[in-house]
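Presented below is the structure to which this report refers.
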Amino acid sequence: MKNKEIARVFESIANILELKGESVFRVNAYQKAARVLGDLTRDVEQLAAKDELIKLPGFGKAMVEKVREYLETGKMQRYEELKGEIAPELVQMLEIPGLGPKTIMLMRDKLKVETFADLKRVLGDRTLAALPGMGEKKVENLRRGYQLYLSARERMTLGVALPAAEEMVEKLRKVKGVKDVSLAGSLRRMKETIGDIDILASGTDGAKVIEQFTKQPQVQEVLAAGETKGSVRVEGGLQIDLRVVKPVEWGAALQYFTGSKSHNIKLRELAGSKGMKINEYGLFKGKRRVAGRSEEEIYRKLGLDWMPPEMREDRGEIEAAAKHQLPKIVELEDIKGDLQMHSTWSDGADSIADMAAAARKLGYKYILITDHSESLKIAGGLTSADVKKLLKEIDQVNRKLRGFRVLSGTEADVLADGKLDYPDKVLKGFDMVLASVHTRLEDPAAVTTARLIRAIENPYVRIVGHPTGRRFGFREASPMDIEKVMKAAAANDVALEINAHYERLDLSDVHARMAAEMGVKLVISTDAHSTAGLEMMRFGVAVARRAWLVPGQIINTWPLDKLLKWCENVKPKGR
DNA sequence: GCCGTTTTCGGCCCGACTGTTTTCAGTCG
């Protein structure tokens with residue numbers, strides 16, 4: 001699938017046009033096209049083959065032509081030309097916080113800045129501050145932005161952002177004069193990675209709340225502090241933005257600051273078409289506020305059902321809400337078991353009995369123990385002889401449990417050729433077999449695709465773990481034809497995992513939705529290596545919610561007997 | 001560059017904060 005690849009080209013075009021000072025609307029058009037392509041669950045090549053590109057929102061004649069050109073030639077003439085006009089490092093400078101297109105081009109034209117080395121030079125001397133519209137403070141701000149860019153270019157994972165945000169929310173709840181506090185922004189939408197942390201509070205004296213916010217002990221630097229808005233940097237370089245609104249504006253502000261940006265734009269267009277105006281203070285008809293206290297009220301007055309923050313990405317949720325056809329997406333409470341975890345038998349920290357007890361505390365009815373298989377020696381993979389002992393221990397643990405079941409399983413390593421590293425007679429002994437790839441993650445797409453499909457076709461395999469192998473901050477997803485893999489999973493009734501570890505979240509939201517649309521079953525598993533690791537389930541559920549999944553599509557929302565029946569009924573010929 | 005039962009041309013989402021200004025530009029979300 002070349003969706004992401006072409007999206008990146010459009011994004012680059014948008015950036016260059018922005019630097020050139022082209023109409024912001026044209027820039028927006030490219031940005032929108034990039035976003036639509038990036039979110040697409042269907043293969044852009046197939047859409048092109050069916051002449052359906054034009055149906056995509058934001059795709060007119062020019063965009064369609066450019067996609068076609070890229071698919072046919074591997075290049076986009078327009079992009080090739082544009083690349084020659086602006087030095088690539090200038091384009092990259094757009095990522096520096098506080099530095100925008102106007103300043104970048106000013107530096108280029110007046111100070112001959114073309115590279116990061118040049119930027120460093122002008123930030124160090126006095127020439128930049130002397131330019132029109134610039135000044136010492138602005139330059140100081142840019143210096144900080146540049147340092148931040150160097151140190152923290154990666155977006156942070158949910159596992160890092162959420163605890164820091166929740167700590168601040170708890171502190172703010174105790175501040176005098178604060179009524180409501182909530183997460184907002186991409187964190188409330190539970191995006192896979194977070195740029196910065198947005199928190200919203202309501203109260204009558206905004207300036208005082210902001211002041212208290214900036215005085216919290218974990219604050220290292222105050223970036224901005226006004227009447228309604230403050231911004232700080234806390235330990236670890238995380239930026240936290242706080243907005244304070246009046247209680248009467250709470251719902252409108254929460255909606256507004258939750259976003260996403262594209263969701264909000266569409267909402268404002270909708271409001272406009274109904275003769276209303278929406279901003280962070282409310283929904284207005286002329287000067288009259290017709291809604292604002294709650295999100296439900298805002299959406300209702302626009303003719304929409306309220307929708308969970310995870311759905312607000314302008315991926316069809318507004319249209320569905322208008323028709324009252326929003327799916328009832330999965331919730332953490334729907335999860336009845338966890339189907340990937342490791343114990344002391346391989347590289348886990350806790351015993352099977354302890355994992356079971358911890359899972360039970362979470363309200364689960366079953367777990368699947370999936371210690372590593374023989375070839376993954378580095379993780380203490382079990383030999384066939386070990387497996388016999390493992391099964392015995394699981395039996396023993398189960399004998400002491402009522403209303404809870406420990407299922408026996410393995411995270412069988414998928415070998416380079418797609419075979420598993422246990423013989424059939426060992427695989428047969430498990431309640432469920434999970435197969436994962438841990439090696440040769442950078443093989444060519446065709447190789448990895450064939451390897452995964454062979455594993456999926458293995459009659460004992462029920463689940464494929466962390467299917468693409470991505471890890472935030474470590475590596476990209478392995479190249480593969482994901483659609484082919486999903487087709488095989490659908491045909492063989494093998495479930496694909498949404499690995500809930502915040503460094504993986506693999507499948508991604510877009511891929512999970514794509515899988516569900518193709519009729520593939522999914523499973524949300526923590527891959528816990530300790531009892532504490534079981535708590536990551538919420539991150540996986542967030543991905544599922546962002547993928548619009550409903551409980552029935554996720555096998556670990558099923559009751560135990562249904563799950564066991566599914567294990568027995570599928571692939572009858574092979575068993 | 002896209003889009004249209006108010007339009008095929010003229011719109012295109014809206015406001016806060018900062019720093020440089022003396023009424024506003026740039027950046028951000």
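We name chains A, B, ... by the order of the sequence lines, and we start the count at 1 in each one. Here the structure is a predicted model, which means the values were calculated and not measured.
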Taking atom C1' of dG29(B) as reference, at what distance in whole Å does atom CZ of Arg189(A) sit?
11 Å
Atom pairs under 3.5 Å, N or O on each side, protein against nucleotides 22-26 of chain B: can you list them with distances?
unit_1, atom_1, unit_2, atom_2, d
dG26(B), O3', Thr103(A), OG1, 3.4

Please set out all donor-acceptor pairs under 3.5 angstrom arising from side-chain atoms of residues 216-228 of chain A, sequence neighbours excluded.
unit_1, atom_1, unit_2, atom_2, d
Gln216(A), NE2, Gln212(A), O, 3.3
Gln218(A), OE1, Lys171(A), NZ, 3.2
Glu221(A), OE2, Arg144(A), NE, 2.7

Asn28(A) CG - dC14(B) C1' separation (whole Å)
13 Å
In whole angstrom, what separates Lys261(A)'s NZ from dT27(B)'s P?
14 Å
May I ask you to say whether Asp39(A) pairs ionically with Arg35(A), meaning some side-chain N is under 4.0 Å from a carboxylate O?
yes
Residues pairing under ring pair (Phe, Tyr, Trp, His ring centres under 6.0 Å) where one sits in residues 99-133 of chain A, two or more places apart or in two chains, turn out to be Phe116(A)-Tyr149(A)
Which side-chain N or O atoms in residues 52-74 of chain A pair as donor and acceptor under 3.5 Å with protein atoms at least two apart or in another chain?
unit_1, atom_1, unit_2, atom_2, d
Lys66(A), NZ, Tyr30(A), OH, 3.3
Arg68(A), NH2, Ala48(A), O, 2.7
Arg68(A), NH2, Asp51(A), OD1, 2.6
Glu69(A), OE2, Gln77(A), N, 2.7
Tyr70(A), OH, Glu5(A), OE2, 2.8
Thr73(A), OG1, Glu69(A), O, 2.8
Thr73(A), OG1, Lys75(A), N, 3.1
Thr73(A), OG1, Lys75(A), O, 3.0

Sequence neighbours left out, what pairs pass salt bridge (Lys or Arg N to Asp or Glu O under 4.0 Å) with at least one residue falling in residues 117-133 of chain A?
Asp118(A)-Arg121(A), Arg126(A)-Glu136(A)
According to salt bridge (Lys or Arg N to Asp or Glu O under 4.0 Å), who are the partners of Glu114(A), at least two apart in sequence or on a separate chain?
none
Expected output is a numbered-order residue list: members of residues 126-135 of chain A with a heavy atom under 4.0 Å from any atom of DNA chain B. What is it?
Gly133(A), Met134(A), Gly135(A)
Contact letters for nucleotides 2-10 of chain B, in which S counts primed atoms plus P, OP1 and OP2 and B counts the base, heavy atoms under 4.0 Å:
SS-------
Do NZ/NE/NH1/NH2 and the carboxylate oxygens of Arg188(A) and Glu295(A) come within less than 4.0 Å?
yes
Heavy atom of residues 36-43 of chain A under 4.0 Å from DNA chain B: which residues?
none
Between Arg26(A) (CZ) and dC12(B) (C1'), how many Å, whole number?
13 Å
Whole-Å gap separating P (dT18(B)) and CD (Glu221(A)):
13 Å
Output every pair passing salt bridge (Lys or Arg N to Asp or Glu O under 4.0 Å) with a member in residues 275-285 of chain A, not counting sequence neighbours, ordered by first then second residue.
Arg243(A)-Glu280(A)
Expressed in angstrom and rounded to an integer, what is the separation of Ile240(A) atom CD1 from dC28(B) atom P?
19 Å
Only counting residues at least two apart or in another chain, list the ones meeting salt bridge (Lys or Arg N to Asp or Glu O under 4.0 Å) with Lys229(A).
none
d(CD, Glu18(A); C1', dC28(B)) in whole Å:
12 Å
What do you reckon, is NZ of Lys208(A) surrounded by more than 12 foreign heavy atoms closer than 6.0 Å?
no
Test: ring pair (Phe, Tyr, Trp, His ring centres under 6.0 Å). Region: residues 221-254 of chain A. Which pairs qualify, not counting sequence neighbours?
none
Atom NZ of Lys137(A) and atom C1' of dT21(B): how far apart are they, to the nearest Å?
13 Å
